[in-house]
Protein chains: 2
Amino acid sequence: MELSQRKEKILAAVVEHYIKTGEPVGSKTLLSALDITVSSATIRNEMAELVAFGYLEQPHTSAGRIPTNEGYRYYVDHLMGVRPLDESVKRQIEAGVSLKNASPEAILAKASEFLADMTDCAAVSTTPSGENATIKRVEFVPVGTRTGMIVLLTSTGVIKSKVCRSDVDLNSSMIEKFYNIVKSSFLGLPLDEIDTATLQTLVASMGMDALTMIPFVSAVADLAQEAMQTMVMLGGQSNILRYREDYGTTAYELMDFLRRGEPISQLLANSKEDFDVKIGGENKYKQLENSSVIMAHYNIDGDNRGSIGIIGPTRIDYASLIPSVRYLTNLVGELLTQTLNDD
Amino acid sequence: MELSQRKEKILAAVVEHYIKTGEPVGSKTLLSALDITVSSATIRNEMAELVAFGYLEQPHTSAGRIPTNEGYRYYVDHLMGVRPLDESVKRQIEAGVSLKNASPEAILAKASEFLADMTDCAAVSTTPSGENATIKRVEFVPVGTRTGMIVLLTSTGVIKSKVCRSDVDLNSSMIEKFYNIVKSSFLGLPLDEIDTATLQTLVASMGMDALTMIPFVSAVADLAQEAMQTMVMLGGQSNILRYREDYGTTAYELMDFLRRGEPISQLLANSKEDFDVKIGGENKYKQLENSSVIMAHYNIDGDNRGSIGIIGPTRIDYASLIPSVRYLTNLVGELLTQTLNDD
DNA sequence: AGTTAGCACTCAACTTAAAAGAGTGCTAAC
DNA sequence: GTTAGCACTCTTTTAAGTTGAGTGCTAACT
């Protein structure tokens, strides 16, 4: 649906004013905010048409207009000014995500926390997916008579480790056996091929050694699983209370939804664009029906590997937050590429 | 302040009724809840005295009574029935914290999450403190041309690891040097003696090798720091919304407070009893003035090493939640002792 | 001295009515 | 196509009663 230039101006003004104040916008308010020399009656006529088109709605007969989800959508797609990010804001973001010598998890946790603080929204991020990775290396480090640490390195540079307890005292022949198993059965294997079925056949093939080796083998499998799964890092849940009125009764449901991780992971993974905005009911989840999600995806070695996003009320300040989320996400992508590549 | 038996009965009834309903309790309501054969007028007289003593208060002249913090305190200290935990609840708790082969962090995170779900409160726990621990062992595992993983084991059984990136390609002489430094300067050292000052003198003493060794040495120091610090595991923030009315305007402040970790860590560490209940303003933090904290401490090898607690409104169900928190905490203590001891 | 019936009193909470005000839609003129 | 003007709608605010739960006090009773 194409709109006349004047209608676009009016729609943009309504959206921006409503985002700022949270109050329905009337024709007179609009008149003074707009640099158009028409009367309020004309604006009323225009607004009536915008209601008919489905871009605006009235809470009740004698109130001003508020944007519908479609109105926000049109605004985001066509009207929103994409002013470049302030240098000072860039500087601030750079300072916020700079973490030397940290794990990807720590970087992303920090990024979520920082983004939440900066935007006053809840923020989420997913750790790089290990979908297409293979096992590059496995090491065993004895740390006690029965305890060792297993370290797994994937082809994508992810390093995971886990303490592993043996049922019997460790000795060098056991460790040698373990390395043999690793060599013959794990190295080079895609992470997603390590399922319970393959594990069972592997254990079955070990014969006598099965019993002592099971803790080690299953630890490797656990690590592979862990390296493959994306984790969801969550920050700023408390900010949901900040916009409590806007979320209405879904505030509690929203918090609970964020806590669950899995659906968020899917939500973020489902969009393949460079960045994406989902407004209200555009999200499939009913817990998000009063929320908008602004998300961007970071690349590692050019591959789309994870996402960072914020979740706020539908009347979130799209124009200024979208660039921030994108900038931060790119920065994190660079940082992660660096972290994961210099082995 | 000693109370007559009848006053105690009345106080207990008021507390329990108010905890259940959240409404001020009147003399007639009390009459039917109590198995005392007196008139409502008598109860009114008694309640008036309880108000004078500071155990009850009236929101306004013509309302029933609600307990003051002192009232809750008297109830918790003297009146609360300590009925033993239901077998089914015990079973449920046991299932909730059983985690085989997990790290202390994972165990405590799970425990917090579970406790929050079970009690409908926010739950926190602190990881074992490494205050009196020493460095028992340090290992270096090469995983790439410039990357290695450093593994640190403390005398208390805590294992921490961290990826470490060198500025130059690794070679065996560097690794040997690293192990020499570890041997001469780190092994046996109490964790809390590794501060920046000692690090600086150490680096200074390394001469030529300083530049290449700094990443390794500081990684060890980071790990020691990490092993010493207690982490705060948080669960069920969303439950704060469940009792929103009771928290009043402090709901947001409370959520923000929980997120900060550090003050909670101190709050939990400050009580040296086996278990402890802090009611409303008894907590030093004004963010907790409408909240009560029920906490218990777990022992590892008989030493008090960390805490688990729940945070709810002051009208929390003390009688049934205190035993749950204690039981769960003991269980977690056993689990951790087991996990950290079998090296 | 402790208990109780009785009653006047208080005060939040609810109900109702009226008034105010913001904003609209429509009509008729420009 | 635009606009002034006006009747109309519907929320919000204010005010005034009304209700009802619960109290405190007094005077009589045990």
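Fair warning: this is a prediction, and the values are worked out from it, not measured in the lab. Proteins come first, then strands; the chains are lettered A, B, ... in the order of their sequence lines, and each starts at number 1.
Remark: side-chain polar atoms of B:Asn330 are not paired, donor with acceptor, to backbone N or O of B:Tyr327 under 3.5 angstrom.
Interatomic distance, CG of A:Leu254 versus CG of A:Asn290, reported as 9.0 Å (0.5 Å rounding). From A:Leu56, atom CG reaches atom CD of A:Glu70 across 11.0 Å, with rounding to the nearest 0.5 Å. Taken from NE2 in A:His297 to OG1 in A:Thr126, the straight-line distance is 8.5 Å, to the nearest 0.5 Å. Distance check, rounded to the nearest 0.5 Å: SG of A:Cys121 to CD1 of A:Ile310 gives 4.5 Å. Remark: B:Thr29 OG1 to B:Arg65 CZ distance equals 12.0 Å, nearest 0.5 Å. Between the CG atom in A:Leu85 and the OG atom in A:Ser320 there is a gap of 9.0 Å [rounded to 0.5 Å].
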Checklist entry - For B:Asp256 and A:Arg242, what are the C-alpha separation, side-chain angles and deciding distance, and is it a salt bridge (Lys or Arg N to Asp or Glu O under 4.0 Å)? => result CA-CA 11 Å; B:Asp256 214 57; A:Arg242 205 181 273 267; over 6 Å; no

Checklist entry - Hey, mind stepping through A:Met47 and A:Ile10 against side-chain contact (heavy atoms from CB on, under 4.5 Å) and telling me if it holds? => result CA-CA 8 Å; A:Met47 287 209 290; A:Ile10 291 174; 3.9 Å; yes

Next on the checklist: Between B:Ser292 and B:Tyr72, is the side-chain contact (heavy atoms from CB on, under 4.5 Å) condition met? List the steps.
Outcome noted: CA-CA 10 Å; B:Ser292 281; B:Tyr72 286 122; 6.0 Å; no

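Distance, B:Asn45 CG to C:dT3 P: 9 Å, rounded to whole Å.
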Polar atom pairs (N or O), protein with nucleotides 16-18 of chain C, under 3.5 Å:
none

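When DNA chain D is scanned in the 5' to 3' direction for atoms under 4.0 Å from non-hydrogen atoms of chain B, the outermost contacting nucleotides are D:dA21 to D:dG24.
Pairs of Watson-Crick or G-U wobble type, with distances under 3.5 Å, assemble into runs of 3 or more in DNA chain C at these ranges: C:1-30 with D:1-30.
Residues forming a ring-ring contact (aromatic ring centres under 6.0 Å, His included) with B:Phe114 (at least two apart in sequence, or on another chain): none.
Ion pairing between a basic and an acidic side chain is recognised when a charged N comes within 4.0 Å of a carboxylate O; A:Arg73 and A:Glu282 show such pairing. Between B:Glu16 and B:Lys20 no salt bridge is recorded (no basic side-chain N to carboxylate O distance below 4.0 Å). Ionic pairing of A:Arg326 and A:Asp274 is present here: one or more N-O contacts between side-chain nitrogen and carboxylate oxygen are shorter than 4.0 angstrom. Comment: A:Glu113 engages B:Arg259 in a salt bridge, judged by a side-chain N to carboxylate O separation of less than 4.0 angstrom.
Of the residues in residues 61-71 of chain A, those placing a heavy atom less than 4.0 Å from an atom of DNA chain D are A:Thr61, A:Ser62, in numerical order. Less than 4.0 Å separates DNA chain C from at least one heavy atom of each of the following residues of residues 15-44 of chain A: A:Gly26, A:Ser27, A:Arg44.
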